[in-house]
Student: 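So that we are looking at the same thing, I have put the structure below in structure tokens.
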Amino acid sequence: MSGRRSGVQTRRSTTHDPLHLALNIERVLGLTARQAVRAEFRFDPDSPLTVCVEFIVEGGPRALWRIGRDLLQQGLSSMSGLGDLRMWPSNRKERATAWLQLASHDTAALFELPVPPLATWLEYTYKLVPAGSELTDADWDIAATALLRDPGARAD
């Protein structure tokens, strides 16, 4: 794909699951080289602090990342994140996109995402579980017991 014409767009989910958003995005490989990637965002109201994002390259590997929902929201309008995961809006006036940078060990990837569908979807997730109320239903006794019994266990 050319660096001048982006293939970043929304891909409608065939399942009509409002907790799922599929986007056709691009991985930036260089100044003019890009790779088409499908990003599937999933929100679980029972685990509202994070969004699972699966990056899928046709005929290639899949990678699953858990990204903080607040980090994604903030990254639509300003720099967000530290270290291995960062997101910030692009400065392009012709279309609203954001950059998402993921790093692991000595490898990094930079993706360009369309802002409007991601913003609308995130807004929906915040209607389901408002900011600040993510942990109101947590059973801290169960979580503490599970951690004391087995530090690697999850309290579900």
Side-chain angles (χ1 to χ4, degrees), residues 1-138 143 154:
M1 284 184 202
S2 160
R4 285 179 275 159
R5 186 172 165 264
S6 175
V8 176
Q9 61 188 0
T10 304
R11 182 179 151 260
R12 300 284 178 210
S13 172
T14 56
T15 63
H16 302 298
D17 179 359
L19 301 178
H20 175 254
L21 173 69
L23 297 176
N24 290 327
I25 65 172
E26 292 181 338
R27 179 175 178 199
V28 178
L29 301 173
L31 287 175
T32 59
R34 295 189 174 227
Q35 178 182 36
V37 176
R38 188 171 76 237
E40 295 188 359
F41 294 76
R42 294 190 191 281
F43 177 72
D44 179 356
D46 292 331
S47 183
L49 292 172
T50 60
V51 170
C52 291
V53 184
E54 186 171 21
F55 297 92
I56 304 164
V57 176
E58 188 174 332
R62 293 173 176 241
L64 180 67
W65 281 73
R66 285 178 175 75
I67 302 174
R69 182 173 65 149
D70 289 346
L71 185 147
L72 288 172
Q73 180 69 29
Q74 181 183 344
L76 297 175
S77 59
S78 64
M79 176 59 85
S80 179
L82 296 169
D84 292 350
L85 206 149
R86 296 180 185 190
M87 188 168 161
W88 65 96
S90 70
N91 292 324
R92 298 182 178 195
K93 292 182 178 22
E94 65 271 9
R95 66 178 190 268
T97 61
W99 302 107
L100 176 64
Q101 183 178 29
L102 307 174
S104 179
H105 305 290
D106 59 349
T107 303
L110 179 64
F111 300 94
E112 188 175 15
L113 311 164
V115 168
L118 183 55
T120 300
W121 183 77
L122 284 169
E123 183 179 313
Y124 174 75
T125 72
Y126 280 105
K127 286 180 182 174
L128 288 176
V129 181
S133 70
E134 293 93 346
L135 299 177
T136 56
D137 292 334
R154 286 184 45 197

Student: For residues 67-82, which residue pairs qualify under salt bridge (Lys or Arg N to Asp or Glu O under 4.0 Å), counting only residues two or more places apart or in two chains?
Tutor: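 Qualifying pairs: Arg69-Glu134.
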Student: As an exercise, state the distance from CZ of Arg86 to CG of Leu102, rounded to the nearest 0.5 Å.
Tutor: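 Answer for the CZ-CG pair, Arg86 versus Leu102, is 12.0 Å.
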Student: Atom CG in Leu113, atom CZ in Phe41: separation rounded to 0.5 Å?
Tutor: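 Here the rounded value is 5.5 Å.
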Student: I need the minimum non-hydrogen distance between Ser78 and Pro89, along with the two atoms involved.
Tutor: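 Smallest heavy-atom distance, with atoms named: N-CD, 3.5 Å.
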Student: To check you understand the geometry: which heavy-atom pair defines the closest contact between Ala98 and Gly75, and what is its length?
Tutor: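 It is CB-O, 4.1 Å.
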Student: Ignoring hydrogens and geometry, is there a side-chain-to-backbone donor-acceptor pair from Ser90 to Thr97 under 3.5 Å?
Tutor: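 Checked: pair present.
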Student: Please round to the nearest 0.5 Å and tell me the distance separating atom CZ of Arg38 and atom CD of Glu40.
Tutor: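 Those atoms lie 4.5 Å apart.
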Student: Out of Leu122, Thr120, Leu118, which residue meets the side chain to side chain contact (heavy atoms under 4.5 Å, CB included) rule with Leu21?
Tutor: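 The passing option is Leu118.
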Student: Looking only at non-hydrogen atoms, find the nearest pair between Arg27 and Ala108 and report the distance.
Tutor: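 Answer, listing the atom of Arg27 first, then Ala108: NH2-O, 3.5 Å.
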Student: Measure the spacing between CE of Met79 and CH2 of Trp99 and express it to the nearest 0.5 Å.
Tutor: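 Reported value, rounded in 0.5 Å steps: 12.5 Å.
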Student: Pairs of donor and acceptor atoms involving the side chains of residues 48-58, under 3.5 Å and at least two apart or interchain, shall be tabulated with distances.
Tutor:
{"unit_1": "Glu54", "atom_1": "OE2", "unit_2": "Arg62", "atom_2": "NH1", "d": "3.3"}

Student: To the nearest 0.5 Å, what is the distance between CG on Leu19 and CG on Leu128?
Tutor: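 Here the interatomic distance stands at 6.0 Å.
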Student: Output the distance between atom CD (Glu112) and atom CG (Leu100), rounded to the nearest 0.5 Å.
Tutor: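 Glu112 atom CD to Leu100 atom CG measures 11.5 Å (nearest 0.5 Å).
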